Amino acid sequence: MFAKNLKITIAHLYPKLLNIYGDRGNIITLVNRCKWRNIEITVDSIDTGDTIDEKKYDIYFIGGGQDQQQIQVASELQKQQEKLHNAANSKAVFLAICGGYQLLGHYYQPHDAERLNGIGILDAYTVAGKKRFIGNVTAELLPHNTINGLKTLVGFENHSGLTYLQGNTKPIATIITGNGNNGTDRTEGARYKNVFGTYLHGSLLPKNPHFADFLISLALEKRYGEEIELQKLNDELELAAHNSLVNKKY
Ligand code: GLN
């Protein structure tokens with residue numbers, strides 16, 4: 001029997017500034033996959049000048065963006081960093097895409113602009129490379145980053161930033177096709193506690209329903225203090241889209 005009267009709250013960080021390549025599709029997926037299971041879900045937009053109530057949220061989402069928008073968001077995140085560290089330390093789930101991902105590390109050094117300080121939740125740093133990585137990505141998830149057995153992660157990358165992981169911040173996946181974090185160490189994304197960063201736009205979650213459910217289950221565990229089984233959904237369409245990319249010959 002599945003638990004009833006469940007609730008999840010999402011903080012969507014700076015959606016007016018960091019939301020390129022359809023990253024809002026990740027919010028739509030989380031909302032729908034909760035609604036289809038009668039899990040109450042609310043989404044608050046956190047915009048410039050807003051103060052985050054870190055006790056309120058189970059999931060934090062931040063999308064990708066160009067260097068210019070990252071400059072604006074970086075200074076906002078600096079003001080919220082203690083709250084966001086508290087959230088991460090209380091096992092809140094973060095999903096950060098590309099530009100947003102870079103700002104959860106220690107810094108992002110763009111090509112021809114001042115270094116942007118990140119908030120250092122992820123022990124990682126990013127420097128702009130000479131080449132832009134653009135294209136489809138397939139990767140194999142590390143075992144503790146997925147549920148119900150699916151091992152692959154698919155998406156689309158478009159970044160010049162090269163991200164390097166350190167310490168207890170580990171990759172979420174190993175690259176099969178594409179570049180991922182930096183095009184050399186075959187890592188994609190980052191995880192520390194329940195904080196996930198990835199270069200995969202697309203948007204990521206519609207074509208990776210297993211990863212979306214993984215994040216939902218972590219958020220429910222954070223809120224209710226126990227593992228909660230998720231009702232299975234008919235993911236025929238989602239998995240057809242997923243497998244079309246896994247099986248694509250590049
Ligand atoms: N501006 C950053 C880069 O080029 C992030 C880009 C993005 O979010 N897609 O690496």
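Whatever order the structure lists ligands and atoms in, that order sets their numbers, starting from 1. The model shown is predicted, which means the values in this text are computed figures rather than measured ones.
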[Y] and [X], any side-chain heavy atoms less than 4.5 Å apart:
{"X": "Asp47", "Y": "Pro15", "answer": "yes"}
{"X": "Thr126", "Y": "Tyr101", "answer": "no"}
{"X": "Glu221", "Y": "Lys91", "answer": "no"}

May I ask you to check if ligand 1 and [X] share an N or O to N or O distance below 3.5 Å?
{"X": "Gln102", "answer": "yes"}
{"X": "Cys98", "answer": "no"}
{"X": "Tyr21", "answer": "no"}
{"X": "Ile20", "answer": "no"}
{"X": "Asn158", "answer": "yes"}

Closer than 4.0 angstrom: is that true for some heavy atom of [X] and an atom of ligand 1?
{"X": "Tyr199", "answer": "no"}
{"X": "Tyr101", "answer": "no"}
{"X": "His201", "answer": "yes"}

Numbered atoms and elements of ligand 1 in range of [X], under 4.0 angstrom, heavy atoms:
{"X": "Gly64", "value": "8 (O)"}
{"X": "Gln70", "value": "1 (N), 2 (C), 5 (C)"}
{"X": "Gly99", "value": "5 (C), 7 (C), 8 (O)"}
{"X": "Asp67", "value": "1 (N), 2 (C)"}

Does [X], at its [atom1] atom, have more than 12 non-hydrogen atoms belonging to other residues, nucleotides or ligands within less than 6.0 Å?
{"X": "Asn247", "atom1": "CG", "answer": "yes"}
{"X": "Lys79", "atom1": "NZ", "answer": "yes"}
{"X": "Gln166", "atom1": "CD", "answer": "yes"}

Closest approach of any protein heavy atom to [atom], naming residue and atom:
{"atom": "atom 10 (O) of ligand 1", "answer": "Gly161 N, 2.9 Å"}
{"atom": "atom 5 (C) of ligand 1", "answer": "Gly65 O, 3.3 Å"}
{"atom": "atom 3 (C) of ligand 1", "answer": "Ser160 N, 3.6 Å"}

Item checked: Ile39 and Leu220: CA distance, side-chain angles, deciding distance, side-chain contact (heavy atoms from CB on, under 4.5 Å) verdict -> CA-CA 10 Å; Ile39 298 171; Leu220 287 171; 4.1 Å; yes

Check: Will you find, in the side chains of Asp123 and Tyr192, an N or O donor that is under 3.5 Å from an N or O acceptor?
Finding: no

Item checked: ring pair (Phe, Tyr, Trp, His ring centres under 6.0 Å) between Phe133 and Tyr199, intermediate numbers included -> CA-CA 10 Å; Phe133 293 147; Tyr199 272 111; 8.4 Å; no

